[in-house]
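Heads up: the structure comes next, in structure tokens.
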Amino acid sequence: MNKRLTKSEFLVAYMIIITLACFVGGFFFGARYMKAAMEEQQAAASQTEKQMLEQEKLLREQKLYSEQDFIRFHYAVYAPLLELKQAHFDKMADWSRMDTQQRTDSLNQLVKAAKETIKQLEKPAALNTAPLLNQSQSIFLDSVRAYLDSIEQLLSDQNSNILEPEEIASRLTLSQNSWLKGQELLYQALALWESSYVTKQPMPKEKPKTLSIAQWKQYPFHYRTYLAATALTHHKQWTAYNPEDLTARLDMLMSSNEWQSLGLQDVNAALRLLTTADMVKVGDFKQLQLKLYPAVKTPELPIFR
């Protein structure tokens, strides 16, 4: 005859079943939690490793840009380019004082200068260990070729002699855009050199979208000049002056605190003021160098001497 469980025995059995269920459930929940925790740790470790590898790659790339790289680049690439740019802006500055024949002669001289520059830029410059400089040379070469095509087209047009410098500039858009990109890469390489050999601190991973004046002042010189070069690219401003001239004028404005009385809120506003008012001139960096940068370190390049 089967004996029925008493009420107390039933409760004990019920509690045992509940306990076992909780134990089993807790075991699987804990296992799942531990698995998720381990996966999270592995993901974090993987991300850390990835960041370390990226940092090592960045440091290796930065170490590529030695002072000798810039010296080779200057004499093989940049010096001929600066001569062509100076010739162009000198002709445009005298354009209004020229007669028809003189304007034609000037365009022919620019064609000749562009062809000579192309010959120089087509020569190998031994920049294989400096990727940005190597890329810059290639883009500059494309720019001068486009410049040559545009000037030759102007010569073939019947109305080229009556065009104003602004109208001529509008015919050089392709050349100017390439030039600005090549220029930007050069100054990015200079910022990398500064990061590796001067500050020994990594460059910001991304260029700031908005830049306060206080933030601008905290950046080292060559990184500021790289930002100035990117601003010229962004605003499509092909100028007679170089990015370091723009940096010097910005730094002069900000060191005098005149920007406060002018109500300037950020660097973009300061840039607009300087460029609109035509306040930046060729050679501003060298003129202001002793006053603003008595101890700044730069590669031994003529543009900084």
Side-chain angles (χ1 to χ4, degrees), residues 51 54-55 57-67 69-70 73 78 130-133 136 180-235 237 239 241-260 262-275 279-281 283-301 303-305:
Q51 290 175 349
E54 288 178 352
Q55 183 68 16
K57 179 183 177 183
L58 177 61
L59 289 173
R60 288 197 303 271
E61 288 177 351
Q62 290 179 358
K63 290 294 183 182
L64 292 175
Y65 298 94
S66 68
E67 192 161 335
D69 289 327
F70 291 104
F73 182 85
Y78 206 45
L132 288 175
L133 295 181
S136 176
L180 290 169
K181 185 58 182 176
Q183 177 177 264
E184 183 180 329
L185 291 172
L186 165 60
Y187 285 88
Q188 183 181 358
L190 285 166
L192 286 170
W193 173 87
E194 177 183 59
S195 174
S196 295
Y197 301 103
V198 182
T199 67
K200 295 180 171 49
Q201 297 292 328
M203 285 172 51
K205 290 184 178 180
E206 296 181 355
K207 297 189 296 291
K209 294 181 180 179
T210 57
L211 184 58
S212 69
I213 291 175
Q215 188 177 5
W216 168 270
K217 290 181 176 181
Q218 292 177 355
Y219 289 137
F221 171 77
H222 289 291
Y223 187 73
R224 294 200 305 276
T225 306
Y226 166 52
L227 294 179
T230 63
L232 291 173
T233 303
H234 177 74
H235 295 291
Q237 292 184 335
T239 59
Y241 57 80
N242 291 336
E244 66 269 13
D245 297 320
L246 178 55
T247 300
R249 273 297 156 198
L250 280 166
D251 287 344
M252 187 65 186
L253 177 64
M254 295 172 189
S255 66
S256 67
N257 291 326
E258 189 178 354
W259 61 273
Q260 294 176 326
L262 294 171
L264 301 175
Q265 299 298 319
D266 54 33
V267 174
N268 281 333
L271 280 167
R272 286 194 297 271
L273 171 67
L274 292 175
T275 55
M279 296 172 66
V280 187
K281 304 298 181 184
D284 276 348
F285 170 78
K286 293 181 179 179
Q287 179 184 347
L288 299 169
Q289 187 173 8
L290 290 178
K291 182 175 183 178
L292 294 177
Y293 316 112
V296 72
K297 295 182 179 179
T298 66
E300 292 290 332
L301 296 177
I303 59 175
F304 299 124
R305 295 291 182 269

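Computed from heavy atoms alone, side chains included, the values below leave out hydrogens, waters and symmetry copies. The residues of the chain are indexed from 1 along the displayed sequence.
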Any non-hydrogen side-chain atom of [X] less than 4.5 Å from a side-chain atom of [Y]?
X: Asp284; Y: Tyr241; answer: no
X: Arg272; Y: Asn268; answer: yes
X: Tyr187; Y: Thr247; answer: no
X: Tyr78; Y: Asn242; answer: yes
X: Val198; Y: Pro220; answer: no
X: Leu271; Y: Leu246; answer: yes
X: Gln183; Y: Thr233; answer: no

Judged by atom type as modelled, is there a donor-acceptor pair below 3.5 Å linking the side chain of Ser196 to the main-chain atoms of Leu192?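 Yes, because the side chain of Ser196 sits within donor-acceptor range (under 3.5 Å) of the backbone of Leu192.
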
Say whether, by atom type as modelled, one donor and one acceptor occur between the side chain of Asp266 and the main chain of Ala269 under 3.5 angstrom.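 At least one qualifying donor-acceptor pair exists.
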
Which atom of [X] lies closest to which atom of [Y], heavy atoms considered:
X: Leu273; Y: Met279; result: O-SD, 4.2 Å
X: Leu232; Y: Leu180; result: O-CD1, 3.7 Å
X: Ala248; Y: Leu288; result: O-CD1, 3.9 Å
X: Pro243; Y: Ala228; result: O-CB, 4.0 Å
X: Val296; Y: Phe221; result: CG2-CB, 3.6 Å
X: Ser212; Y: Val267; result: O-CG2, 3.8 Å

Heavy-atom count around His235 NE2 within 6.0 Å, excluding the residue itself: above 12?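 Yes.
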
Mind checking what makes side chain to side chain contact (heavy atoms under 4.5 Å, CB included) contact with [X], not counting sequence neighbours?
X: Lys291; value: Met252
X: Pro208; value: Leu211, Gln215, Tyr219, Tyr223, Leu227
X: Glu67; value: Ile71, Trp193, Pro299, Glu300
X: Gln188; value: Leu132, Leu185, Tyr226

With sequence neighbours excluded, tell me which residues meet ring-ring contact (aromatic ring centres under 6.0 Å, His included) with Phe73. none

Given Tyr65, Tyr197, Phe304, Phe285, the one that forms ring-ring contact (aromatic ring centres under 6.0 Å, His included) with His222: Phe304

Can you tell me how far [atom2] of [Y] sits from [atom1] of [X], rounded to the nearest 0.5 angstrom?
X: Leu292; Y: Arg249; atom1: CG; atom2: CZ; result: 9.0 Å
X: Thr239; Y: Asp245; atom1: OG1; atom2: CG; result: 8.0 Å
X: Leu190; Y: Thr225; atom1: CG; atom2: OG1; result: 8.5 Å

Looking at residues at least two apart in the chain, or sitting in another chain, which of them share a salt bridge (Lys or Arg N to Asp or Glu O under 4.0 Å) with Lys286? none

